[in-house]
Amino acid sequence: MSDITTSQEFTREEVGLALRNHGMHLEGLRYPITPIGMHYLLIHFDIPFIDPVTYELPIGGSVRNPLRLTLDEIKARPAVTVPVMMECSGNGRAGLNPRAISAPWQEEAVGCAEWTGTPLGPILEEAGLLDEAVEILFTGHDRGIDDGVEHDYERSLSVEEALREEMLLAYGMNGQPLPPQHGAPLRLIVPDWYGMASVKWLKQITALDKPFEGIQQAAKYHYKSSKEDPGTPITCKTPHALMVPPGIPDYLSRIRHLKLGSVPVQGRAWSGRSPIEKVEFSADGGRTWDDASLGEQVGRYGWAGWYYEWEAWEPGEYELCVRATDVAGDTQPLAPEESWNYGGYQNNAVQRVPVFVE
Ligand SMILES: Nc1nc2c(c(=O)[nH]1)N[C@H]1C(S)=C(S)[C@@H](COP(=O)(O)O)O[C@H]1N2
Ligand SMILES: [Mo]
């Protein structure tokens, strides 16, 4: 299998990945909290089968006090429920040319769930991190082979990052027990980063005395200009807005058809680094922009609703676009070329929705 392709067709392997890892239906942007079955999924290997009754989570490595917690012990700790908008860092990959051969997301690798769990920090404090500890490694129960390397899915965070109060060990999703496909019985939630940091099916947590060099950390999830470029690690979600495609779709092409008139357009916008400052709408492919109204912000790490009344009184073909800007002043590029990188990560170029007004 080649690393990268300029083909406009999807390979059998990409379609296979897309069937296992479905996206959120964009009409699902209407829900402030994404229903579980609509939330996107990204599962690198197989969903592990784990008995919650005998489940235990060891916390070890560079700690004074190694712990082993059962699920009941974790659930007995202080619980919080927070909405977190999650996005796969590969979202938008299929819009890049050439594109990396991997999950061929268009723009649907998103969802905002309400996660219930216990903060990670106090558990690490109880384990007593030694001065030598520099990173915390989160290992999943899922194992597989990627680029010829056999490994457990595992990723680390710096100690400083891991001790932030927002870091959560989650066992509930939208008021239900965490479902198998989303990491049951226990997963990490890193609310401002792209999804890869939120390790599912936790097998163990290990304090490390040197930086973790595993494949999912050091090789994947880097913004690289070429295969050889070491690149920079992918971390926080960049600003991104999406709209519910208005009107009705053609079954196969998904092209939208609208009747003449005033068209209410709605969607959501988010950014990991800072809250959303502004959402703009364009009906001419991004040549001219008009401010949309901001609606409800679903928690600090959820998404912001937005709304725009588009006056579509001229029959014709239009390209609707939406663009978010965050409080830090970051915004979205107009063209995917501006987002291009070798692994196909973090493509937050503006969404383009072709519509016919009749
Ligand atoms: N153990 C494990 N954790 C994982 C993954 C995985 O394959 N295995 N995929 C990661 C990626 S790339 C993403 S985008 C999110 C997806 O979470 P979701 O499937 O609950 O939406 O989980 C992350 N955590
Ligand atoms: Mo991902």
Side-chain angles (χ1 to χ4, degrees), residues 17-25 28 33-50 55 57 83-94 100 102-117 137-146 150-157 167-174 176-205 212 214-217 219-223 233-238 240 270 272 343-348:
L17 287 175
L19 291 168
R20 285 185 59 79
N21 301 296
H22 71 73
M24 192 192 75
H25 318 82
I33 298 297
T34 311
I36 288 181
M38 286 174 106
H39 194 286
Y40 86 96
L41 284 174
L42 198 296
I43 299 150
H44 285 78
F45 306 130
D46 292 345
I47 300 172
F49 185 81
I50 303 170
Y55 177 79
L57 176 72
V84 171
M85 187 283 154
M86 204 181 281
E87 178 176 25
C88 179
S89 59
N91 202 18
R93 175 178 288 128
S102 186
W105 297 116
Q106 301 183 91
E107 21 228 2
E108 59 293 275
V110 297
C112 181
E114 219 162 31
W115 304 96
T116 299
L137 178 64
F138 301 87
T139 305
H141 267 284
D142 49 332
R143 192 171 179 80
I145 303 162
D146 198 351
E150 185 178 327
H151 62 285
D152 294 332
Y153 184 90
E154 50 185 354
R155 287 196 41 105
S156 66
L157 292 173
M167 302 296 157
L168 206 63
L169 295 181
Y171 45 78
M173 183 182 187
N174 293 5
Q176 310 273 329
L178 194 58
Q181 66 274 29
H182 286 291
L186 194 69
R187 78 178 299 174
L188 178 66
I189 295 289
V190 178
D192 46 350
W193 287 36
Y194 281 104
M196 73 285 162
S198 295
V199 177
K200 306 196 268 190
W201 312 293
L202 283 173
K203 178 160 83 176
Q204 61 190 47
I205 297 179
F212 177 60
I215 172 168
Q216 300 292 346
Q217 190 82 19
K220 307 275 168 184
Y221 302 109
H222 276 65
Y223 200 91
I234 302 284
T235 58
C236 276
K237 284 167 280 180
T238 51
H240 203 165
W270 60 89
Y345 299 115
Q346 203 172 282
N347 175 14
N348 66 335

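Read the numbers this way: they start at 1 and go in the same order the structure lists the ligands and their atoms. Bear in mind that the values here come from a model prediction, so they are computed numbers and not experimental data.
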Please write down residue, atom name and distance for the protein heavy atom closest to [atom].
| atom | answer |
| --- | --- |
| atom 2 (C) of ligand 1 | Y153 CD2, 3.2 Å |
| atom 15 (C) of ligand 1 | G195 O, 3.5 Å |
| atom 21 (O) of ligand 1 | Y40 O, 2.8 Å |
| atom 11 (C) of ligand 1 | M196 CA, 3.6 Å |
| atom 17 (O) of ligand 1 | R187 NH2, 3.2 Å |
| atom 9 (N) of ligand 1 | L42 O, 3.3 Å |

Approximate separation, where rounding is to 0.5 Å, of [X] [atom1] and [Y] [atom2]:
| X | Y | atom1 | atom2 | value |
| --- | --- | --- | --- | --- |
| Q216 | F138 | CD | CZ | 15.5 Å |
| Q181 | W201 | CD | CH2 | 9.0 Å |
| N21 | H44 | CG | NE2 | 8.5 Å |
| H25 | T34 | NE2 | OG1 | 11.5 Å |

Counting from 1, what ligand 1 atoms have a heavy atom of [X] closer than 4.0 Å?
| X | answer |
| --- | --- |
| Y221 | 12 (S) |
| S198 | 22 (O), 23 (C), 24 (N) |
| C88 | 14 (S) |
| H44 | 5 (C), 6 (C), 7 (O), 9 (N), 12 (S) |
| V199 | 1 (N), 3 (N), 24 (N) |

- If you compare D142, L41, V110, T139 by their heavy atoms, the one closest to atom 8 (N) of ligand 1 turns out to be D142
- Query: Among H39, K200, H22, which residue places a heavy atom closest to atom 19 (O) of ligand 1?
  - Reply: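 Among H39, K200, H22, the closest heavy atom to atom 19 (O) of ligand 1 comes from K200.
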- Item | Region of F45 that comes within reach of ligand 1 [heavy atoms, distance under 4.0 Å] |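 Neither part.
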- Item | For ligand 1, the portion of M86 having any non-hydrogen atom under 4.0 Å away | side chain
- Query: Could you walk me through whether F45 and H151 pass the ring pair (Phe, Tyr, Trp, His ring centres under 6.0 Å) check?
  - Reply: CA-CA 10 Å; F45 306 130; H151 62 285; 5.3 Å; yes
- Any idea which heavy atoms bring G111 and M24 closest together, and the distance?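 Here G111 and M24 meet closest at CA-SD, 4.3 Å.
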- Of all heavy-atom pairs between I234 and R155, which one has the smallest distance, and what is that distance? O-NH2, 4.5 Å
- Query: Is it the case that S156 and Q217 place a side-chain donor and acceptor less than 3.5 Å from each other?
  - Reply: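 Yes - a donor-acceptor pair under 3.5 Å links their side chains.
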- Message: Does anything in residues 186-204 form a salt bridge (charged side-chain N to carboxylate O under 4.0 Å, His left out)? List the pairs, not counting sequence neighbours.
- Response: D152-K203, R164-D192
- Compute both the distance and the angle, then confirm whether R93 meets the cation-pi test with Y345: under 6.0 Å from the six-membered ring centre, within 45 degrees of the axis.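 Yes, R93 lies over the aromatic ring of Y345.
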